[in-house]
Amino acid sequence: SNFPGAGSLCLALALLFPVAVGLEFSYHPSEQLGTFLKEVHRQHPSITSLHSVGRSVAGKDLWILVLGRFPTQHTIGIPEFKYIANMHGDETVGRELLLHLIDFLVTNDKSDPVVTRLIDSTRIHIMPSMNPDGFEATTVHDCYYSEGRFNKNGKDLNRNFPDVFNSNNVTIQPETQAVINWIKNETFVLSANLHGGALVASYTFDNGNPATGSLRGYSRSPDDDVFMHLAKTYSSNHASMYKGNECGNKPVFPYGITNGYAWYQLQGGMQDYNYIWGQCFEITLELSCCKYPPASQLQAFWNDNKAALIEYIKQVHLGIKGQVLDRHGQPIPNVIVEAKGREHICPYRTNQHGEYYLLLLPGSYVLNATAPGSGSILKTLIVPNGPENFSALKYDFVFPEVSTIARDASCPTKPLYQDFESISAAVKPTLHFLALMTVLYTVFK
């Protein structure tokens with residue numbers, strides 16, 4: 001440098017700079033959001049990875065920041081977790097909360113024991129905005145509704161996914177397709193998507209039919225107990241969500257949770273898609289009574305949600321995980337591994353590393369591993385409370401003989417429950433007949 005005092009000036013700037021990049025409690029437009037994520041990655045290259053999974057209609061990057069000890073790729077035995085915010089562009093609190101969560105995680109790694117163990121044991125993916133165009137289009141900060149909800153093509157992204165109950169005749173949007181591809185490329189286990197306009201944790205199913213109990217006003221998945229636990233984990237660690245009546249004009253939600261369908265039915269939602277076709281349990285977190293509150297309230301929102309956001313990530317360690325191997329210790333992909341009594345309509349299968357992850361509450365379960373052409377292995381396991389130790393129970397299945405390996409075993413993205421309903425209907429008369437015969441037999445006996 002050619003002028004005196006340049007060294008001390010550089011030092012002074014260096015001391016100022018960390019303060020300058022410190023994250024403020026304000027709304028960050030797309031460009032600032034991208035700059036912040038790049039700066040985080042620059043300062044913490046060993047525990048972060050930054051990439052875009054696609055572009056919005058207007059060509060904005062859909063940024064993902066990944067945190068973990070091995071951030072750039074999947075590691076066997078380390079579950080994948082994700083948070084997605086701002087899929088409705090005018091629901092803005094989640095977007096800023098996720099930026100502050102990133103800031104909190106990278107700042108507290110190696111000093112806060114919980115954060116350190118989370119980063120040791122989990123690969124955490126964070127997408128602060130799924131709908132950057134909608135966010136930029138929201139000029140009026142409104143509590144209830146704005147055009148910014150939709151993407152630039154005027155489509156609601158949370159009605160835009162394939163649906164397991166009805167044919168969802170929609171044109172898949174670029175933002176939706178990016179998320180679908182992302183889900184296909186990772187082994188996600190647990191997820192939440194962050195919304196606004198109410199204060200409640202809502203869980204699968206959002207749509208339904210008689211096969212899932214819709215006639216009783218509640219659409220129940222085979223893992224309903226786990227979903228209720230996940231929703232309660234968030235609401236009970238939140239400052240006030242658990243009270244269930246914080247937004248005066250909304251229904252009262254006991255414990256601050258609700259089955260999606262029981263609240264209101266929707267088709268083409270992201271959480272049902274994750275559960276059916278992504279083998280990933282996702283809940284929807286409604287985090288503010290007002291969709292787009294003033295920036296002056298963001299610090300209070302962070303304080304209200306911080307503990308819940310952290311505690312929820314820990315739940316990725318519920319249940320059982322492991323590999324399915326042949327007798328030479330080679331992994332077998334596409335093996336169905338399910339817990340008896342909670343089989344999924346699209347069976348959960350091992351990934352390319354032969355891994356499976358099943359979220360289960362503590363208790364006793366019979367696991368059934370079924371390899372194509374090689375029969376089934378049953379194993380009874382006692383599941384402890386995994387989140388306490390930041391690890392699910394580990395159990396590997398070994399198949400002595402494997403005749404064929406299923407290549408692509410993914411389920412078609414069609415309304416699988418429509419077929420299921422017709423099968424149930426076909427089976428019912430037989431069951432009624434059997435029941436009648438049993439009654440007659442008992443009477444005559």
Margin query: Under the criterion side-chain hydrogen bond (donor to acceptor under 3.5 Å, both in side chains), I'd like the reasoning laid out for Y27 against T92: C-alpha separation, chi angles, the key distance, then a yes or no.
Written below: CA-CA 8 Å; Y27 287 112; T92 53; 3.3 Å; yes
Item checked: Candidate pair V316 and K314, rule side-chain contact (heavy atoms from CB on, under 4.5 Å), full reasoning -> CA-CA 5 Å; V316 77; K314 281 164 69 173; over 6 Å; no
Next item on the list: Quick one: do H44 and I47 satisfy side-chain contact (heavy atoms from CB on, under 4.5 Å)? Show the steps, please.
Entry: CA-CA 6 Å; H44 306 274; I47 57 162; 3.9 Å; yes
Checklist line | N193 vs Y83, side-chain contact (heavy atoms from CB on, under 4.5 Å): CA-CA, chis, key distance, verdict | finding: CA-CA 6 Å; N193 78 75; Y83 274 135; over 6 Å; no
Margin query: Determine whether M130 and N86 satisfy the following criterion, side-chain contact (heavy atoms from CB on, under 4.5 Å), listing intermediate values before the conclusion.
Written below: CA-CA 6 Å; M130 184 179 162; N86 199 213; 6.0 Å; no
Next item on the list: Assess whether disulfide (SG to SG under 2.5 Å) is satisfied between C143 and C289, documenting all intermediate values.
Entry: CA-CA 8 Å; C143 279; C289 301; over 6 Å; no
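In this structure, L37 and W63 approach most closely via the heavy-atom pair CD1-CB, 3.5 Å. Nearest approach of L105 to V115, heavy atoms of both residues: O-CG1, 3.4 Å. Here the shortest heavy-atom pairing between A339 and Y365 reads CB-CD2, 4.5 Å.
If you take CD1 on I276 and OG1 on T204, they are separated by 8.0 Å, rounding to the nearest 0.5 Å. Atom CG of residue N385 and atom CG of residue L318 lie 6.5 Å apart, to the nearest 0.5 angstrom. Remark: D103 CG to L99 CG distance equals 9.0 Å, nearest 0.5 Å.
Under a 3.5 Å cut-off, the side chain of S288 and the backbone N or O of C290 do form a donor-acceptor pair. Checked by atom type and distance alone, the side chain of T122 never pairs as donor or acceptor with a backbone atom of I119 at under 3.5 Å. Side chain of T350 to main chain of I332: a donor-acceptor pair is present (N/O by atom type, distance under 3.5 Å, no hydrogens or angles). Of the possible donor and acceptor atoms, none in the side chain of S235 sits under 3.5 Å from a partner among the backbone N and O of Y242. Remark: the backbone N or O of N305 is not paired with any side-chain donor or acceptor of H238 at under 3.5 angstrom. Here the side chain of N209 pairs a donor or acceptor atom with the backbone of A211 at under 3.5 angstrom. Remark: side-chain polar atoms of T138 are paired, donor with acceptor, to backbone N or O of G134 under 3.5 angstrom. Side-chain atoms of N351 come within 3.5 Å of backbone atoms of H353 as a donor-acceptor pair (strictly under, hydrogens ignored). In this structure, the side chain of T212 does not engage the main chain of S219 through any donor-acceptor pair within 3.5 Å. Side chain of K291 to backbone of Y145: no donor-acceptor contact under 3.5 angstrom is found.
For Q173 and N160, the side-chain atoms include no donor-acceptor pair closer than 3.5 Å. Side-chain atoms of Q271 and D206 form a donor-acceptor pair, as typed in the model, at a separation below 3.5 Å. Residues N274 and S191 have side chains that never bring a donor and an acceptor to within less than 3.5 angstrom of each other. Inspection of the S376 and T370 side chains reveals an N or O donor paired with an N or O acceptor under 3.5 Å. A donor-acceptor contact closer than 3.5 angstrom is absent between the side chains of H195 and T284. Residues H317 and S121 bring a donor and an acceptor atom of their side chains to less than 3.5 Å of each other. In summary, the side chains of N181 and Q177 do present a donor paired with an acceptor at a separation below 3.5 Å, with no hydrogens or angles considered. For the residue pair E338 and H344, a side-chain donor N or O sits within less than 3.5 Å of a side-chain acceptor on the partner. Under 3.5 Å, the side chains of E286 and S202 contain no donor-acceptor pair of N or O atoms. With no hydrogens or angles considered, a side-chain donor-acceptor pair links H74 and E355 at under 3.5 Å. With no hydrogens or angles considered, a side-chain donor-acceptor pair links N166 and N207 at under 3.5 Å. Checked by atom type, the side-chain pair S129/R95 shows a donor-acceptor distance below 3.5 Å. For D163 and Q267, the side-chain atoms include no donor-acceptor pair closer than 3.5 Å. With hydrogens and angles left out, the side-chain atoms of N237 and E311 include no donor and acceptor closer than 3.5 Å.
Taking the ring centroids of F161 and W277, they lie at or beyond the 6.0 Å cut-off. You'll find the ring centres of H125 and F188 inside the 6.0 Å limit.
A salt bridge does not link E175 to R55: none of the charged side-chain nitrogens sits closer than 4.0 Å to a carboxylate oxygen. Remark: D109 engages R69 in a salt bridge, criterion side-chain N to carboxylate O under 4.0 Å. A salt bridge links D223 and R342; the closest N-O separation between the charged side-chain nitrogens and carboxylate oxygens is under 4.0 Å. Under the 4.0 Å criterion applied to side-chain N and carboxylate O atoms, K60 and D133 are assigned as salt-bridge partners. R123 has a carboxylate O that lies under 4.0 Å from a charged side-chain N of E186, or vice versa, which qualifies the two as a salt bridge.
When the ring-ring contact (aromatic ring centres under 6.0 Å, His included) test is applied to Y357, no partner is found at least two apart in sequence or on another chain.
With a 6.0 Å radius and a threshold of 12 heavy atoms from other residues, nucleotides or ligands, K414 has its NZ atom at or below the threshold. No more than 12 heavy atoms of other residues, nucleotides or ligands shown are found within 6.0 angstrom of CD on E31. The local environment of OH in Y255 is sparse, with at most 12 non-hydrogen atoms from other residues, nucleotides or ligands closer than 6.0 Å.
Applying the side-chain hydrogen bond (donor to acceptor under 3.5 Å, both in side chains) test between H88 and each of D156, N158, N151 identifies D156 as the sole match.
Between Y273 and I183 the shortest side-chain heavy-atom distance falls below 4.5 Å. No side-chain heavy atom of H141 sits under 4.5 Å from any side-chain heavy atom of P294. Under the 4.5 Å side-chain criterion, counting only non-hydrogen atoms from C-beta, L62 is in contact with P132. Contact annotation: the side chain of Y203 approaches that of N259 to within less than 4.5 Å [non-hydrogen atoms, C-beta and beyond].
Applying the ring pair (Phe, Tyr, Trp, His ring centres under 6.0 Å) definition to pairs two or more places apart or across chains, those involving residues 204-235 are F165-F205, F205-Y275, F205-Y417, F227-Y275, F227-F281.
Ring pair F397/Y395 is perpendicular by interplanar angle, where above 60° counts as perpendicular and below 30° as parallel.
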